[in-house]
Amino acid sequence: MAFSPLFRASSRPAGARRAGLRGAVLVALAFGSGLLISNNPFRPSSTNPDATARGYLRFKEVLSYVDRDYVDSVNTEGLADYATAQMLERLDPHSVYIPAPEREQNDVFLQGDFDGVGLDFNLFRDTMTVVAPLGGGAAAQAGLLPGDQVLRVGGQAVSGARLTNARIAQLLRGPRGSTITLEVHRPASARTFALALVRSRVPNPSIDAAYLIDEQTGYIKISRFAATTYDDFRAALADLRRQGLSRLVLDLRGNPGGYLDRATRVADELVGGSRKIVAIDGKGDTYDSQVYAKVAGEFEEGPLAVLVDEGSASAAEVLAGALQDHDRALLVGRRTFGKGLVQQPIALSDGGELRLTIARYYTPSGRSIQKPYGSSRAEYRRELAERAAHGDLASADSNHVAGGLRFRTDRGRPVYGGGGIMPDVFVPRDTLAYSAYYTRLQAHHTPRALALAFYQAHKAELEGLRFAQFNATFRVSDAQLGALAAAAARDGVPADPAALRRCAALLRNQIKAYIAQSAYGEVPYYTVLGAHDAELQQALHALGDGSAQLALASK
């Protein structure tokens, strides 16, 4: 079933599902996750005080001369920021200085809520377009719809103004109780109107989805480990248990980490007894610690599969490694990122923050999660691209593991160190999703734009259908794919009929999922995606036929 008329030619290109405020923050924090929560225990070093004093005085002296005598005027604060960043470059890839203006935006990543209007948006053809109003926020209460175009925020033009997502997010955020006016254009009715929104506390959930795939199999996706993640996970798991859950798929793909204690508490819900979850080893014994399971968890027994990929990092790897080492879960997907360095956030006098690496993570079997790194951060950042070039994302055999880095799980299964967590069941990355044509469509946000236009044009019809009816009957037609290609061509993506045919099934499913999200919410979005999700289907197969338990029990 494909509703008509077809997608409109005048549709605006749209972006990926979680853009705007949350998307920008997640990208910004991808290299900074894995934080310990504690009071700042740092004191001046007693091991080398003279050298530290000489270095400090040298820098102070040089900066003073530059400020006073250099031929041109200089920004001394900017020079100090640059010098700080260059100094940290000599350490490891995850020790960073966050200037005061950027600190608040980075902190949003770890918060369970924030003050704002509650709006996910993308910039399509330099037009701010609503992806979804967040539940409970002022935007949802005011009736903003997916596909609405925001022309002005507080009197400032945001469409056609070449602003970044981060800058627009700053305009939308503000003190709770303050008012902001949005000028909105609704393409479906050709209306332009103003809305006065009162900023409020908006949930910023880290549990993207939690639902039953079938009568006994639950699915929970954790996007990061934020302040409320453990409480939200426990509530979601308890709710699914009441609905009949007896086996679980935990999705950690793309999870960059966050608060360590939230990840270890989630592990405690899944691991029985008093078994070790993670070991932390730093300089001397100041930061050395070992975390063990303590509580009687909600799901300590029962089939469990965990989805991981090259985007799973830090605290997500701690959780996955603990479950694998204790033979508690079958890991499905691809080798994780390999970020096993622990950062301590240190508030600085200028309002900025130093996130300094103070320890390493080790799994219960003794594996170091951190992959090797050299002196070049650029080389470190290229490592994932090099994995793809070497075939690591296409074949388990291409993931070379040093023979001396073999460890054993509780039941004697071999697992390997050397960086990241290697899954028990390898699933190659979908090459179509990374083909040149498909990638360009995503870069121009064309599938999302057309899905939003379709939703606005057929909102009444969609409201008359239950999701089950939509999911069973709706199909994206060949004509609609043609409209997609035509819209992309107008945006500068040359037509490629052969490439379109190759990725047609993937595009149909993606567009259908976007429409489902706009019309029915997050769970339907993941339900549609799941039908063509190779990692999820592999996990369901393993849980369904009992091979997960056989694999975990074998030596």
Side-chain angles (χ1 to χ4, degrees), residues 25 28-110 166 256-261 280-289 313-315 339-361 368 370-381:
V25 169
L29 267 290
F31 271 79
S33 307
L35 303 178
L36 290 176
I37 306 174
S38 67
N39 294 325
N40 178 9
F42 283 114
R43 298 291 182 272
S45 171
S46 60
T47 58
N48 196 14
D50 292 341
T52 304
R54 286 195 300 271
Y56 166 74
L57 291 173
R58 183 185 308 118
F59 178 75
K60 179 181 178 182
E61 189 175 14
V62 170
L63 187 63
S64 298
Y65 275 115
V66 169
D67 183 44
R68 188 186 66 196
D69 297 330
Y70 185 66
V71 64
D72 296 320
S73 297
V74 296
N75 179 352
T76 51
E77 286 198 28
L79 288 176
D81 287 349
Y82 176 78
T84 301
Q86 290 297 105
M87 175 179 63
L88 295 175
E89 286 271 353
R90 298 293 298 272
L91 302 180
D92 67 90
H94 298 286
S95 290
V96 296
Y97 166 68
I98 301 174
E102 300 175 18
R103 186 176 175 185
E104 181 181 0
Q105 181 181 344
N106 278 268
D107 286 346
V108 171
F109 171 79
L110 299 171
Y259 287 131
L260 172 66
D261 73 322
I280 301 171
D281 184 41
K283 182 188 293 184
D285 57 6
T286 303
Y287 299 105
D288 292 357
S289 64
S314 196
K339 197 270 184 183
L341 298 176
V342 187
Q343 281 70 56
Q344 172 74 50
I346 304 167
L348 302 178
S349 59
D350 68 349
E353 184 175 272
L354 172 64
R355 291 188 176 173
L356 186 67
T357 295
I358 46 87
R360 289 181 172 84
Y361 292 133
S368 172
Q370 181 62 42
K371 62 188 176 184
Y373 58 88
S375 58
S376 169
R377 293 195 181 193
E379 181 180 345
Y380 184 77
R381 291 187 174 96

Please step through side chain to side chain contact (heavy atoms under 4.5 Å, CB included) for the pair V342 and I280, ending with a clear verdict. CA-CA 8 Å; V342 187; I280 301 171; 4.3 Å; yes
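- Taking CD1 from I358 and OG1 from T286, the interatomic distance works out to 9.5 Å, rounded to the nearest 0.5 Å.
- Contact detail for Q370 and G340: the closest heavy-atom pair is OE1-N, 2.8 Å.
- Listed by chain and residue number, L341, Y362, Y373 satisfy the side chain to side chain contact (heavy atoms under 4.5 Å, CB included) test with R360 (two or more places apart in sequence, or in another chain).
- Closest approach of A315 and G258 over heavy atoms only: CB-N, 4.1 Å.
- Residues satisfying the side chain to side chain donor-acceptor pair (under 3.5 Å) test with D350, not counting sequence neighbours, are Y97.
- The structure places CZ of R103 at 8.0 Å from CD1 of I98, a figure rounded to the nearest 0.5 Å.
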Test side chain to side chain contact (heavy atoms under 4.5 Å, CB included) applied to L88 and R355, step by step: CA-CA 10 Å; L88 295 175; R355 291 188 176 173; over 6 Å; no
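- Between the side chain of D288 and the backbone N or O of G282, at least one donor-acceptor pair lies under 3.5 Å.
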Which pairs would a plain distance check flag for residues 60-87, meaning a side-chain donor or acceptor within less than 3.5 Å of a matching protein atom at least two apart in sequence or in another chain?
unit_1: S64; atom_1: OG; unit_2: K60; atom_2: O; d: 2.8
unit_1: N75; atom_1: OD1; unit_2: E77; atom_2: N; d: 3.2
unit_1: N75; atom_1: OD1; unit_2: G78; atom_2: N; d: 3.0
unit_1: T84; atom_1: OG1; unit_2: A80; atom_2: O; d: 2.8

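- For T357, the side chain to side chain donor-acceptor pair (under 3.5 Å) test picks out D92, S95, Q343, with sequence neighbours left out.
- The two residues S314 and G257 have their closest heavy-atom pair at CB-CA, 4.2 Å.
- Remark: K339 is not positioned above the aromatic ring of Y361, lacking an NZ or CZ atom under 6.0 angstrom from the ring centre and at most 45 degrees off the axis.
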